[in-house]
Asks: 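Before anything else, here's the structure in question.
Both ligands and their constituent atoms are indexed starting at 1 by order of listing.
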Amino acid sequence: MTTRRLVLTRSAAVIGAASTGLLLPQIARAQSDKVRVGFMLPYTGTFAQLGVAIENGFMMALAEQGGKLGGREIEFFKVDDESSPPKGIENATRLVQRDKVDVLIGTVHSGVQMGIHKVARESGVLNIIPNAGVHVATRAQCAPNVYRASFTNSQPTLALGKPMMDRGHKKAVWISWNYAAGDEAFEGFEKSYTAAGGTIVKKLGLPFPNVEFQALLTEIASLQPDAVACFFAGGGAAKFLRDYAAAGLNKNIQLYGSGFLTEGVLQAAGPSADGVLTTMHYSDSLDTPRNKQFRLDYAKTFKAQPDVYAVQGYDSGLLLIKGANAVKGDLSNKKALYAAMDGAVIDSPRGKWTMSPSHNPIQDMYLRRVENKENKVIGIAGKAVADPGTGCRMA
Ligand code: PHB
């Protein structure tokens, strides 16, 4: 169990503080006690880098506010969820009951998210999801205190089928990890690809976080589809890209993916990622002042290139800031807090997005190609894409 207290350091707090610092509200409580923010993220395992990027992005957003939320100081609590679903409820309970967090930021893995979701629904504690795309959290089990600043698992792949068919790739194999994120990404892919006239020759899978791809790559080679589409992320995605190229498949079977395939892994994957096509709600090369400034600030602060996870962490921070500023730091004023978050327009590096009635971003999808270790935008794959929020009834 790796829970530890963090205090926002001055160095982390000063980015942009001078230009955007807020005046302290004139309420005594704001000066005496701190907002308690809990991170429940993977800091070990195949998604470790994703957790770090999310935390970095989130801290950057707060630092731009002088390191405060609605004028109040912040105390941080942190749990490594290890992307382990069986430990999800216990870890979330720790943050909520022992650490008494006002808001829980987490997590990456859809299975772990379901543990957080149970605890969030039962306790009523505010939960901002900075990644995990599990459908049900913003569909049949949506909740007033649960907001997603990322995507639903089928959002990127619902934009994938058409570009594949536009390129004449009529027969495809699907491959991913067998768990909610892979299954739901497949759902979006199947819908969009078959609607565009494509045929799915075979659906392949392996357990999370297994990376023994060899037998499956041999099977793909013998099936000879026009294209392969997939969902992988983090360390596993880097290995899949390298193994796919090492098997020589990148020479004649075009690889596509839900954009996570090429996020945060382009250094590790090297030339094996060149030419891979993906759909995603962000791209490194988005030519906007907002994205350029974000990328510059992030690289300066963290000595690393930001990716979609960093953006989602940053946007989770922006969303919380909108809410906290509206209630001058009093997060117990839930009605006003949620009203501000419901109506938020997030000026994100990915482009402006709004919150759907079921609490999921309504956002543009980009078609990207990997070139020289960068995800380059080559088209818009969907404008203002909203998840249907099927079955959501806010209590
Ligand atoms: C998920 O489990 O929901 C998940 C994990 C990693 C990603 C995307 C989705 O990159």
Asks: Kindly give the heavy-atom pair with the smallest separation between N178 and P207, and that separation in Å.
Replies: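 So the two residues come closest at ND2-N, 4.2 Å.
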Asks: Is the Lys NZ or Arg CZ of K203 less than 6.0 Å from the centre of F186's six-membered ring, within 45° of the axis?
Replies: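 Because its charged atom sits under 6.0 Å from the ring centre and within 45° of the axis, K203 does stack over F186.
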Asks: Kindly state each residue pair satisfying salt bridge (charged side-chain N to carboxylate O under 4.0 Å, His left out) with at least one member in residues 265-289, sequence neighbours excluded.
Replies: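 Output for this query lists D284-R295, D287-K292.
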Asks: F151 to ligand 1: N or O pair under 3.5 Å?
Replies: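 No; every N/O pair is 3.5 Å or more apart.
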Asks: Please check if any side-chain donor atom of Y282 sits under 3.5 Å from a side-chain acceptor atom of N291, or the reverse.
Replies: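 Yes - a donor-acceptor pair under 3.5 Å links their side chains.
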Asks: Which atoms of ligand 1 sit under 4.0 Å from any heavy atom of A233?
Replies: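 Ligand 1 atoms under the 4.0 Å threshold to A233: 6 (C), 7 (C), 10 (O).
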Asks: For a quick test of your reading: what N or O donor-acceptor pairs under 3.5 Å do the side chains of residues 154-169 make, sequence neighbours left out?
Replies:
| from | atom 1 | to | atom 2 | distance (Å) |
| --- | --- | --- | --- | --- |
| S154 | OG | H135 | NE2 | 2.9 |
| Q155 | OE1 | T152 | N | 3.1 |
| Q155 | OE1 | N360 | ND2 | 3.3 |
| Q155 | OE1 | Q363 | NE2 | 3.1 |
| Q155 | NE2 | P361 | O | 3.2 |
| Q155 | NE2 | V385 | O | 3.0 |
| T157 | OG1 | S154 | O | 3.4 |
| T157 | OG1 | A185 | O | 2.7 |
| K162 | NZ | D166 | OD1 | 3.4 |
| K162 | NZ | D166 | OD2 | 3.0 |
| R167 | NH1 | P163 | O | 3.0 |
| H169 | ND1 | Y256 | OH | 2.8 |

Asks: Which of the atoms of ligand 1 are close to G133, meaning less than 4.0 Å from one of its heavy atoms?
Replies: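 Answer, ordered by atom number: 3 (O).
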Asks: Within ligand 1, which atoms have a heavy atom of A181 less than 4.0 Å away?
Replies: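 Close to A181: 1 (C), 2 (O), 3 (O), 4 (C).
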Asks: I'd like to know whether CG of N252 has more than 12 heavy-atom contacts from other residues, nucleotides or ligands below 6.0 angstrom.
Replies: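 Yes - once you tally the heavy atoms of other residues, nucleotides and ligands closer than 6.0 Å, there are more than 12.
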Asks: Which residue supplies the protein heavy atom nearest to atom 2 (O) of ligand 1, what is that atom called, and how far is it?
Replies: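 Answer, as residue, atom name and distance: Y179 OH, 2.6 Å.
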Asks: Please report which non-hydrogen protein atom sits nearest to atom 9 (C) of ligand 1, along with the residue it belongs to and the distance in Å to one decimal place.
Replies: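 Scanning the protein heavy atoms, the shortest distance from atom 9 (C) of ligand 1 goes to N131 ND2, 3.5 Å.
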Asks: Identify the closest protein heavy atom to atom 3 (O) of ligand 1: which residue and atom is it, and at what distance?
Replies: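 The answer is S110 OG, 2.6 Å.
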Asks: With a cut-off of 4.0 Å, which atoms of ligand 1 are near a heavy atom of H109?
Replies: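 Checking each atom against H109, I get 2 (O).
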Asks: Tell me, which protein residue and heavy-atom name are nearest atom 1 (C) of ligand 1, and how many Å apart are they?
Replies: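 Of the protein heavy atoms, V108 O, 3.2 Å lies nearest.
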Asks: Quick test of your reading of the structure: of Y309, F208, W177, F231, whose heavy atom lies closest to atom 10 (O) of ligand 1?
Replies: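 Selected option, by shortest heavy-atom distance: Y309.
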Asks: Verify the distance criterion only: is there a donor paired with an acceptor across the side chains of R368 and T262 at less than 3.5 Å?
Replies: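 There is such a pair (donor and acceptor under 3.5 Å, judged by atom type) between the side chains of R368 and T262.
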